[in-house]
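Heads up, the thing below is written out as structure tokens.
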Amino acid sequence: MSRVLAKPAEMIARSAPRVIHNDAELELYTDALFQLTALESPSRSELEAIELLTLLVERYEQEHYPIPAADPVSVVRFLIEQQNLKQRDLIPQFGSESAVSMFLAGHRNLTIEQVRKLSARFKLPTDVFIPKRAARARA
């Protein structure tokens with residue numbers, strides 16, 4: 001199988017990819033995906049290989065290594081910690097330090113504008129900052 005993955009674009013042309021069934025296959029497909037995404041100017045078949053391998057890898061990882069949903073307060077606390085920030089560093093996104101404090105204490109939800117600003121600051125999708133039960137209620 002590793003010989004087939006040595007040339008991922010040819011693999012796609014021959015319809016060689018299969019559903020990933022174990023971690024060894026996941027590692028092979030992930031390595032092939034890294035090789036392809038490192039290309040400076042991938043061809044059309046290489047772009048198709050990237051798309052297909054991404055779908056296969058994501059499917060396997062979602063089934064075998066699910067990431068639990070995090071509430072917005074936990075996400076912001078994690079980002080503050082990881083980036084060595086202080087609450088006052090988020091004043092531009094919240095409007096005031098007291099608004100940051102109230103949110104982190106669970107006393108206030110984020111406004112749409114705060115969600116947009118946090119999303120832009122941390123370069124994350126807006127849904128990361130929206131409570132999951134609120135997202136489900138709208139669906």
Side-chain angles (χ1 to χ4, degrees):
M1 186 165 202
S2 61
R3 271 190 42 206
V4 173
L5 290 174
K7 297 189 178 185
E10 289 179 26
M11 173 184 69
I12 298 299
R14 288 191 230 137
S15 300
R18 303 283 185 260
V19 173
I20 300 171
H21 296 288
N22 56 55
D23 286 356
E25 292 176 357
L26 174 65
E27 185 175 347
L28 289 171
Y29 278 55
T30 302
D31 289 344
L33 186 56
F34 285 145
Q35 290 173 22
L36 284 166
T37 56
L39 296 174
E40 198 167 307
S41 298
S43 68
R44 178 179 288 209
S45 63
E46 289 165 337
L47 289 171
E48 287 182 21
I50 290 169
E51 184 177 2
L52 181 56
L53 290 174
T54 298
L55 291 171
L56 292 169
V57 167
E58 284 178 350
R59 178 178 180 257
Y60 183 84
E61 288 180 343
Q62 286 172 355
E63 288 178 9
H64 294 87
Y65 302 102
I67 299 171
D71 65 285
V73 173
S74 297
V75 170
V76 173
R77 284 187 185 282
F78 175 79
L79 293 167
I80 288 171
E81 180 184 320
Q82 291 298 306
Q83 297 187 19
N84 295 316
L85 301 173
K86 305 276 186 242
Q87 286 187 20
R88 68 178 166 270
D89 295 326
L90 296 181
I91 291 172
Q93 287 73 43
F94 283 84
S96 69
E97 191 167 359
S98 65
V100 178
S101 295
M102 290 181 73
F103 167 73
L104 292 174
H107 299 300
R108 182 180 277 181
N109 291 324
L110 294 172
T111 66
I112 293 172
E113 188 60 27
Q114 289 167 338
V115 167
R116 287 183 184 135
K117 287 179 178 181
L118 287 167
S119 174
R121 175 179 184 139
F122 294 110
K123 296 177 179 44
L124 292 170
T126 55
D127 64 342
V128 168
F129 302 104
I130 299 171
K132 299 309 171 223
R133 56 186 183 283
R136 272 187 239 125
R138 284 184 301 207

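Both backbone and side-chain heavy atoms feed into the values below; hydrogens, waters and symmetry mates do not.
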### Task
Would you please name every residue forming a side-chain hydrogen bond (donor to acceptor under 3.5 Å, both in side chains) with T37, sequence neighbours left out?
none
### Query
Q114 side chain to F94 main-chain N or O, any donor-acceptor pair under 3.5 Å?
yes
### Summary
With sequence neighbours left out, the residues meeting side-chain contact (heavy atoms from CB on, under 4.5 Å) with S43 are S45, E46
### Query
Which pairs count as salt bridge (charged side-chain N to carboxylate O under 4.0 Å, His left out) when at least one residue sits in residues 95-116, sequence neighbours excluded?
E113-R116
#### Entry: Set of side-chain contact (heavy atoms from CB on, under 4.5 Å) partners for L85, sequence neighbours left out
I80, Q83, D89, L90, R121, F122
### Where N109 and F103 come nearest, the two heavy atoms and their spacing
C-CD1, 4.4 Å
### Query
Is there a path of hydrophobic side-chain contacts, each under 4.5 Å between heavy atoms of I, L, V, M, F, W or Y residues, that connects V100 with I112?
no
### Message
Tell me the closest heavy-atom pair linking A105 and R77, and the distance in Å.
### Response
N-NH2, 4.2 Å
### Message
Tell me whether F34 shares a hydrophobic cluster with L28, the cluster being built from Ile, Leu, Val, Met, Phe, Trp, Tyr side chains joined at under 4.5 Å.
### Response
no
### Message
Can you give me the closest heavy-atom contact between P72 and I130, atom names plus distance?
### Response
CG-C, 3.8 Å
### Task
Please list, chain by chain and in numerical order, all residues satisfying salt bridge (Lys or Arg N to Asp or Glu O under 4.0 Å) with R88, sequence neighbours excluded.
none
## Note on the structure
Minimal heavy-atom distance between H21 and E25, with the atoms involved, is N-OE1, 2.7 Å
### Query
If Ile, Leu, Val, Met, Phe, Trp and Tyr residues are connected whenever their side-chain heavy atoms lie under 4.5 Å apart, and connections chain through other members, are L110 and M102 in the same group?
no
### Query
Tell me, do S101 and Q87 make a side-chain contact under 4.5 Å, heavy atoms counted?
yes
### Minimum side-chain heavy-atom gap L79-L124 below 4.5 Å
yes
### Task
For Y29 and V19, indicate whether the former's side chain and the latter's backbone hold a donor-acceptor pair under 3.5 Å.
no
### Query
Do you know which two heavy atoms are closest between S119 and P125, and how far apart they sit?
OG-C, 3.9 Å
### Query
How far does CG of L26 sit from CG of D31, to the nearest 0.5 angstrom?
9.0 Å
Pair up each side-chain donor or acceptor in residues 51-62 with any protein partner under 3.5 Å, not counting sequence neighbours, and list the distances.
unit_1: T54; atom_1: OG1; unit_2: I50; atom_2: O; d: 2.6
unit_1: Y60; atom_1: OH; unit_2: D23; atom_2: N; d: 3.2
unit_1: Y60; atom_1: OH; unit_2: D23; atom_2: OD1; d: 2.7

